[in-house]
Each structure stands twice: as structure tokens, then as C-alpha cells.
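All remarks here apply to the structure that follows.
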Amino acid sequence: MGKVITIRQMSAHVGEAVTLEGWLYTKTGKGRLQFLQVRDGGGICQAVVFKGNVSEEAFELARALTQESSLRVTGTVKEDTRAPGIPGGYELDVTGLEVVQIADEYPIQPKEHGVEFLVRNRHLWIRSSRQWAIMRVRATVIRAIRGWLDNNGYLNVDTPILTPNAAEGTTTLFEIDFHGEPAYLAQTGQLYSEATILAFGKVYCFGPTFRAEKSKTRRHLQEFWMVEPEIAFCDLDGLMEIEEQFVSHIVQRCLEENAEELKLLERDTSALEQVTPSFPRIHYDEAVDIVNRAAAAGELVPGYEDKVPHIEWGDDFGSPHETYIAAQFDKPVFVHHYPTQVKAFYMEPEPDRPEVCRSVDLLAPEGYGEITGGSERMADVDKLIAGIEEHELPMAAFDWYVDLRRYGTVVHSGFGLGLERTVAWICGLTHLREAIAFPRTLGSMRP
RNA sequence: UCCUCGGUAGCUCAAUCGGCAGAGCAUCCGGCUGUUAACCGGAGGGUUGUUGGUUCGAAUCCAACCCGAGGAGCCA
């Protein structure tokens with residue numbers, strides 16, 4: 001038995017006797033020759049078992065291997081351009097084989113499967129090379145998020161998941177029993193981050209958030225991860241500059257670190273290479289004009305068979321509108337100054353034009369929709385109290401939040417970036433459920 | 001919540017006008033020294049989502065229900 005190495009290390013061990021530990025991904029038998037595709041978590045390598053090179057017993061073991069059987073395989077590393085795999089180009093000329101377990105008949109074949117079946121078998125599906133690649137990109141996105149923020153003066157201060165009140169209405173909250181008191185799973189950490197910036201200047205929280213929306217689409221999960229930077233002494237223009245730097249950094253890190261994964265996903269990376277500062281900025285007024293010109297001309301929503309619907313000034317954009325607007329640009333596009341009435345109570349109205357507020361959404365290209373939402377927050381105590389009253393929210397629940405405007409209030413802004421939507425966009429996925437290991441979608445909580 | 005589509009072998013699907021339940025893959029057996037979702041020969045594998053109805057006869061038609069998909073709304 002040779003030294004145990006990983007598949008990633010094989011290129012440095014050509015000609016040496018080594019051992020790989022892993023699982024059988026697929027197998028092709030050809031008489032006295034067995035081609036084993038072995039996974040070890042970091043890559044896939046072809047191990048070639050020739051009857052003449054191994055014991056009779058070992059050859060029979062190789063023939064009896066089933067998909068996903070766990071094993072240790074020993075042999076000589078050979079360079080061979082014919083060898084498939086990840087990264088490929090090297091194979092193992094097998095001299096010995098130890099079976100850890102012969103797996104039961106494995107349900108997932110390297111063939112086409114339906115969505116229902118794959119979701120039901122998510123605990124196994126994550127072993128498939130495509131899902132494997134997505135999870136690796138996701139990890140890079142998370143590293144890039146933390147890396148950029150940590151290196152730019154942001155302090156990671158996480159916020160509670162159990163919260164006592166509904167910040168923006170109860171219909172989208174999961175209610176739980178907190179020792180007899182109602183409590184809710186957090187749908188944002190923003191209000192708490194507005195407290196922590198007054199202690200630390202620039203902060204971010206990063207964790208799971210929960211939305212009980214009855215949304216059953218490819219763009220929604222009941223549980224998703226969100227990173228929410230919040231910045232003191234920052235206005236709307238400053239916020240957009242931060243967002244474009246931040247998002248560009250994330251995309252470029254993935255291009256650098258996951259070229260192999262993106263290739264496996266057949267992602268067109270030329271579209272991602274263009275994601276560099278600065279991003280186009282359009283005012284809500286202009287966005288409404290763009291939409292209504294398309295509606296008048298009878299244009300179709302890109303990727304759908306429906307026409308672009310007309311919109312009245314003052315309404316929020318629906319999915320078809322956002323898809324159409326984003327398709328007009330080859331980079332993510334900022335839409336800013338949404339109508340005050342459709343946005344949350346804490347967003348700062350534009351002083352000269354209070355019917356719009358200092359809010360901004362970032363729409364990803366290629367139909368991936370809104371990936372960030374943010375705003376400049378209301379800094380004045382009297383205006384904030386008026387806003388809470390206008391939205392008919394329980395003042396008592398917001399006493400601590402109003403306090404923040406009494407003790408050294410400053411202009412401040414923040415945004416939330418949806419992790420799964422970002423991963424789906426970078427990977428070119430058609431559905432958010434592939435962007436998280438164990439998705440929680442409407443009506444489905446297994447496995 | 002509403003709209004649309006779907007549910008047949010482990011998986012992906014077929015079954016003409018309502019007339020014997022079928023293939024490919026997977027599994028098992030046999031063959032093959034370069035396979036890449038191999039190939040060749042053979043075998044086993046079915047409560048057609050559930051319940052009821054129409055009919056000589058239902059996978060097929062009707063009703064209700066269950067489950068799934070993706071779109072609207074809402075959102076990241």
C-alpha cells in the first residue's frame with residue numbers, strides 16, 4: 001500500500017505507488033480491463049484495473065464494485081492524456097484494491113433525472129459532479145464576501161435569528177413559541193446592524209434568513225443566506241460605489257478560483273468577465289419609461305412568451321419588469337429612488353421630492369433578478385417616528401431602534417445581498433434550489 | 001391564494017379511436033485489453049398517485065382528493 005494522497009496531488013506523484021481513498025463514481029467494464037472513476041471529494045480520477053496486474057481476488061472485487069461503493073485503491077500514477085476526470089490527465093494503474101463497503105444499488109445514475117426525484121434524493125444528489133461544482137463556487141462566494149469586507153474595515157457582528165417583533169409585516173414571518181411568547185425567525189438583521197454601526201462604524205452580518213412567503217418560483221427559498229453590510233457616514237451614492245466594488249470582487253474571485261467548476265457547469269464566463277466597476281445607474285422614473293416604451297411596442301419579456309406589462313408610476317416593479325430592465329444592460333444595473341410608498345418605513349425620502357426615497361436595488365443580468373436591495377436609512381428621530389406611525393407599526397417594538405437616532409445619529413446606509421441568487425447567477429443555474437446544499441422551498445423540507 | 005402543466009417498472013419515457021402494460025438505462029448472468037452516459041447476447045422487474053363513477057372492457061373518459069413542477073403576487 002502506497003502513501004495516501006488526494007486526486008489533486010496526483011500530478012506531483014507520477015511514477016510513484018500511491019493510495020487513493022474515495023468512492024466509485026462510475027465504472028466501465030471491458031473484459032479483462034475495468035475502468036473505475038474514483039471520487040475523493042476533491043476530484044475524480046480514472047483507476048485502471050487490468051486483470052494481469054492484480055490478484056484474481058482483487059480483479060473480482062473490482063468487477064463486483066457498485067456505484068458509490070467506498071474503497072481504497074493502490075497503484076502507480078501515470079500521465080495519460082486519455083484519462084478523464086477532474087482535473088484529468090492522470091490515472092492510476094491499479095495494483096491493489098480494498099473495498100470498504102459495497103454500496104446498495106444507487107438511485108442516481110449519470111443520466112437524466114426529473115426534478116422531483118433529485119430533490120427527494122438531495123442527500124445523494126450533492127455527490128454529482130454538477131452539484132459538487134456549485135457547492136465549491138458557493139464556498140468561494142462566501143470566502144470572497146468575508147474577505148472583501150474584512151479587508152475593507154468592516155467588522156462581522158452577527159444579529160439574532162430569534163426576534164421579538166415583525167419589522168416589516170407579519171405575513172412573511174415564521175412564528176415560533178418562545179416559552180409562551182410569540183417570536184419570529186429573522187428575515188433581516190438590518191435593524192440590529194444599525195445599532196452596531198454606532199459602535200463599530202462599518203459592520204456586516206451574515207447568516208440564514210427566513211421568509212414565509214407563499215412563493216413557489218425558481219427565485220425563492222423559504223430559508224436563504226444573506227450578507228448585510230451597514231455603513232455609518234454613508235449616503236446613497238456612497239452605497240452604490242461600495243456595492244459595485246463588492247459584487248465585482250465576488251465575481252472576479254470565482255473566475256480566478258473556480259475556472260474548472262464553471263467550465264464543468266458550462267457557464268459562459270465572458271459575461272462574468274464584464275462585471276467590473278462601475279455599474280450603470282438608472283432612476284426609477286427612467287426605469288418606468290423604459291418599461292412602458294417596451295409595453296407600448298408590444299415587446300416580450302426576454303426568456304418568456306409574455307409581453308412586458310405596462311406599469312403605473314408609483315407601483316413597484318414585478319418580476320417581468322425587472323427581467324426586461326436588466327436585459328437592457330450587460331452588467332448588473334442599479335435602479336434607484338423607488339417610490340417612498342412601496343418601500344419600507346426606514347428609508348430616507350429625497351428632501352426635494354419626498355415621493356421617492358433613497359433606495360437602490362441591483363438587478364443581475366441574464367434574468368437573475370434582484371441580487372441586492374438597500375437604502376440610505378432615515379437618520380432624523382422625528383421623521384422616523386412619523387414613518388413608523390404612517391406605516392401603522394407598533395411603536396413600542398421600535399423604541400430601541402428610535403433610540404439610535406437620539407444618541408449620535410449619522411447619515412448611514414446598508415444593503416443585503418442574497419447569497420443563493422448570487423451563486424445561481426455566477427453558476428448560471430435555472431433554479432435557486434441548486435445553490436444551497438439542503439434547500440427549503442415552499443412545501444418541501446426533506447431531506 | 002390564483003393560473004397553467006404533469007403523476008405508468010428503481011430512473012427517463014411510450015402505449016393510435018376506450019381493446020393483451022412497452023422500450024432504453026439501472027440491476028443480475030455471459031462475452032470483450034482503452035472505456036469516456038461503452039458495446040453485444042440473455043434474465044428478472046407493474047396496485048398505471050388515491051377514491052369513486054361511466055362502460056362488455058379504463059393508463060386512456062368523468063368527479064373529488066393527494067403529490068409535484070413553474071408562473072403571478074411578494075421578495076433577496
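In the text below, chain A, chain B and the rest are named by the order of the sequence lines, each starting its count at 1.
For the pair A/Lys78 and A/Asp80, the salt-bridge criterion is not met [side-chain N within less than 4.0 Å of a carboxylate O]. Contact check on A/Glu68 versus A/Arg39 returns a salt bridge, with a Lys/Arg side-chain nitrogen under 4.0 Å from an Asp/Glu carboxylate oxygen.
A donor-acceptor pair under 3.5 Å links the side-chain atoms of A/Ser55 to the main chain of A/Ala58, judged by distance alone.
Among the nucleotides B/U36, B/C74, B/U27, the one closest to the side chain of A/Ser215 is B/C74. Among the nucleotides B/A76, B/G34, B/C11, the one closest to the side chain of A/Met226 is B/A76. Across B/G70, B/A76, B/G34, the shortest atom-to-atom separation from the side chain of A/Leu432 is found for B/A76. With distances taken from any side-chain atom of A/Lys216 to the nucleotides B/U1, B/A69, B/A38, the minimum falls on B/A69. Among B/G70, B/G34, B/U35, the nucleotide with an atom closest to any side-chain atom of A/Pro84 is B/U35. Closest to the side chain of A/Phe117, out of B/A26, B/C11, B/A76, is B/C11. The side chain of A/Val115 has B/A69 as its nearest neighbour among B/A76, B/A69, B/G34.
In B/C17 the base sits syn relative to the sugar, since the glycosidic angle is no further than 90° from 0.
The residue A/Leu221 sits close to a base: some heavy atom pair falls under 4.0 Å. Using a 4.0 Å heavy-atom criterion, one finds that A/Gly114 contacts the sugar-phosphate atoms exclusively. Within the 4.0 angstrom heavy-atom criterion, base atoms lie near A/Glu322. Within the nucleic acid shown, A/Glu112 comes within 4.0 Å of sugar-phosphate atoms alone, with no base atom in reach, counting heavy atoms only. Heavy atoms of A/Asp316 sit under 4.0 angstrom from primed sugar atoms or phosphate atoms, though from no base atom. Across all strands shown, A/Thr372 has heavy atoms under 4.0 Å from sugar-phosphate atoms exclusively, and none from any base. The residue A/Ile108 sits apart from the nucleic acid: no heavy atom pair falls under 4.0 Å.
Annotation: of the two residues near RNA chain B, A/Glu370 and A/Pro107, the 5′-most nearest-nucleotide partner is A/Pro107. RNA chain B is contacted by both A/Ile371 and A/Lys27; A/Lys27 maps to the nucleotide lying nearer its 5′ end (nearest heavy atom per residue).
If you check B/G68 for Watson-Crick or wobble pairing at under 3.5 angstrom, you find it paired to B/C5. Look at B/U27: its Watson-Crick or wobble partner, with both distances under 3.5 angstrom, is B/A43. Base pairing of B/U48 is not made with any nucleotide, judged by Watson-Crick or G-U wobble geometry with both donor-acceptor distances under 3.5 Å. Across all strands shown, B/A14 has no partner, as no Watson-Crick or G-U wobble contact with both distances under 3.5 Å is found. With both pairing distances under 3.5 Å, B/U55 is matched to nothing as a Watson-Crick or G-U wobble pair.
If you check the side chains of A/Arg82 and A/Gln46, you find no donor sitting under 3.5 Å from an acceptor. Using modelled atom types, one finds no donor on one side chain facing an acceptor on the other under 3.5 Å when comparing A/Arg377 with A/Ser413. Between the side chains of A/Tyr204 and A/Glu230, no donor-acceptor pair is found at a separation under 3.5 Å. For the 3.5 Å distance criterion, the side chains of A/Glu350 and A/His337 qualify, holding a donor opposite an acceptor. Of the N and O atoms on the side chains of A/Thr74 and A/Thr19, at least one donor lies less than 3.5 Å from an acceptor on the other residue.
To the nearest angstrom, P of B/C32 lies 15 Å from CZ of A/Phe35. Atom CG of A/Leu442 is separated from atom P of B/C67 by 12 Å (rounded to the nearest Å). Distance CD (A/Glu91) to P (B/U36): 14 Å, rounded to an integer number of Å. Residue A/Phe317 contributes atom CZ, which lies 18 Å from atom C1' of B/A72 at whole-angstrom precision. Spacing between atom OH of A/Tyr106 and atom C1' of B/A26 amounts to 14 Å, rounded to whole angstrom units. Between the CZ atom of A/Arg219 and the P atom of B/A69 there is a distance of 15 Å, rounded to whole Å. One interatomic measurement links the two molecules: CD of A/Glu116 to C1' of B/G7, which rounds to 8 Å at whole-angstrom precision. Atom OH of A/Tyr25 and atom C1' of B/A26 are 15 Å apart (whole Å).
The ring of A/Tyr284 has its center closer than 6.0 angstrom to the ring center of A/Tyr338.
The base of B/C75 lies close enough to the side chain of A/His220 for a donor and an acceptor atom to sit less than 3.5 Å apart. Applying the 3.5 Å distance criterion, the base of B/U35 shares a donor-acceptor pair with the side chain of A/Gln46. A donor N or O paired with an acceptor N or O is not found under 3.5 Å between the base of B/C67 and the side-chain atoms of A/Arg120. Remark: the A/Thr172 side chain and the B/C74 base include no donor-acceptor N/O pair separated by less than 3.5 Å.
Going from the C1' atom of B/C13 to that of B/U48 covers 13 Å, rounded to whole Å. A distance of about 30 Å separates the P atoms of B/C3 and B/U16, rounded to the whole Å. Comparing B/G10 with B/U50, their P atoms sit 13 Å apart, to the nearest whole Å. With both ends at atom C1', the span from B/G71 to B/A9 equals 32 Å, rounded to whole Å. Comparing the same atom, P, in B/A58 and in B/G24 gives a spacing of 29 Å after rounding to whole Å. Going from the C1' atom of B/U4 to that of B/U51 covers 25 Å, rounded to whole Å. B/C20 and B/A64 are spaced 29 Å apart, taking the P atom of each and rounding to whole Å. Rounded to whole Å, the separation between the P atoms of B/G44 and B/C29 comes to 15 Å.
Listed pair A/Lys30 / B/G34 meets the phosphate criterion, a side-chain N or O lying under 4.0 Å from OP1 or OP2. When the side-chain nitrogen and oxygen atoms of A/Arg63 are compared with OP1 and OP2 of B/C28, none of them lie within a distance under 4.0 Å.
Stacking is found between A/Phe224 and the pyrimidine-like six-membered ring of the B/A76 base under the 5.5 Å centre-distance and 30° plane-angle cut-offs.
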